[in-house]
Structure formats: structure tokens, C-alpha cells
Amino acid sequence: MSSELMIIGSQQFYIYDPQAKVFLDRNQIGQLSRKDTKSFNISSGQHTLYVELNILGIPRKSNTLEFSVSDDENFTVRYSGNQVTGELKLERLI
């Protein structure tokens, strides 16, 4: 059985909105922009999640979320970025 990971973009307005790479357990599973909402099927168990993005040639990495999911459980995260500092952030939504 599998579970669902949903990542919701912040919907903030940015002139420059590149695609961030999504990593689950250090493996790239997809890409998304800050305005996307995407779902991924994942296995149950313990996981780590982060995103990476190059902003004007400077590599940035978000915080790493550690979480555990059971069969058929959904895990929802919001992805946002600070246009001034370049900070990327993932936060769990309950």
C-alpha cells in the first residue's frame, strides 16, 4: 500500500519562479514551482523531505522535514521562499 505526499506552493507572487527539485530520502522525486500543488505516492515508513533550487546561480536548500506515514495516510506540506533572503522553507500542514 502507499501513502500520499502533497506539497502546496505558497502562491506568493515572484517575477522569477524557477522549478525547485523535490527530494524524498535523498532521491529526486519531482520538481515544482512556488505556485504549484503536486502529489506524490510514497511508501509507508520514515522519510526525509527537502527541496533544492538555484537562485541566480546560487544553490539553496530548504530545511529538512523528517516524518513517518502509515499505509493510506496523507502528509501535506507547504513550500515557500523568501525573495529577499533566498531562504526556502517547508512546513507541515495539519
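No single ILVMFWY cluster, assembled from side-chain heavy atoms under 4.5 Å apart, contains both L65 and F23. Connection of I29 to V51 is established within a shared hydrophobic cluster, with ILVMFWY side chains joined at heavy-atom distances below 4.5 Å, either directly or through further cluster members.
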Residue pair Y79, L53: steps toward the side chain to side chain contact (heavy atoms under 4.5 Å, CB included) verdict
CA-CA 12 Å; Y79 162 57; L53 176 65; 3.8 Å; yes

Apply the test side chain to side chain contact (heavy atoms under 4.5 Å, CB included) to residues M6 and N74: give CA-CA distance (whole Å), side-chain angles for both, the deciding distance (0.1 Å), then the verdict.
CA-CA 7 Å; M6 180 180 288; N74 296 332; over 6 Å; no

Chi angles and distances behind the side chain to side chain contact (heavy atoms under 4.5 Å, CB included) call for E4, I42
CA-CA 6 Å; E4 181 182 71; I42 62 173; over 6 Å; no

Walk me through whether S33 and Q19 qualify under side chain to side chain contact (heavy atoms under 4.5 Å, CB included).
CA-CA 5 Å; S33 75; Q19 296 286 307; 3.5 Å; yes

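Clustering of Ile, Leu, Val, Met, Phe, Trp and Tyr by side-chain heavy atoms under 4.5 Å joins I58 with none of the others.
The neighbour count for K38 NZ, taken as heavy atoms of other residues, nucleotides or ligands under 6.0 Å away, is above 12.
In this structure T64 satisfies the side-chain contact (heavy atoms from CB on, under 4.5 Å) test together with T48, Y50, K61, sequence neighbours excluded. Every residue meeting the side-chain contact (heavy atoms from CB on, under 4.5 Å) condition with L93, not counting sequence neighbours, appears here in chain and number order: I8, T76, R78.
The two residues N54 and P59 make their nearest non-hydrogen contact at OD1-CA, 3.0 Å. Of all the heavy atoms in S3 and S70, the pair that sits closest is OG-O, 2.6 Å.
Once rounded to the nearest 0.5 Å, the distance linking CD of E91 with OG of S80 reads 6.0 Å.
For residues 52-77, the set of pairs meeting the ring pair (Phe, Tyr, Trp, His ring centres under 6.0 Å) definition, not counting sequence neighbours, comprises H47-F67, F67-F75.
Judged purely by atom type and a 3.5 angstrom limit, D36 has no side-chain atom pairing as donor or acceptor with the backbone of G9.
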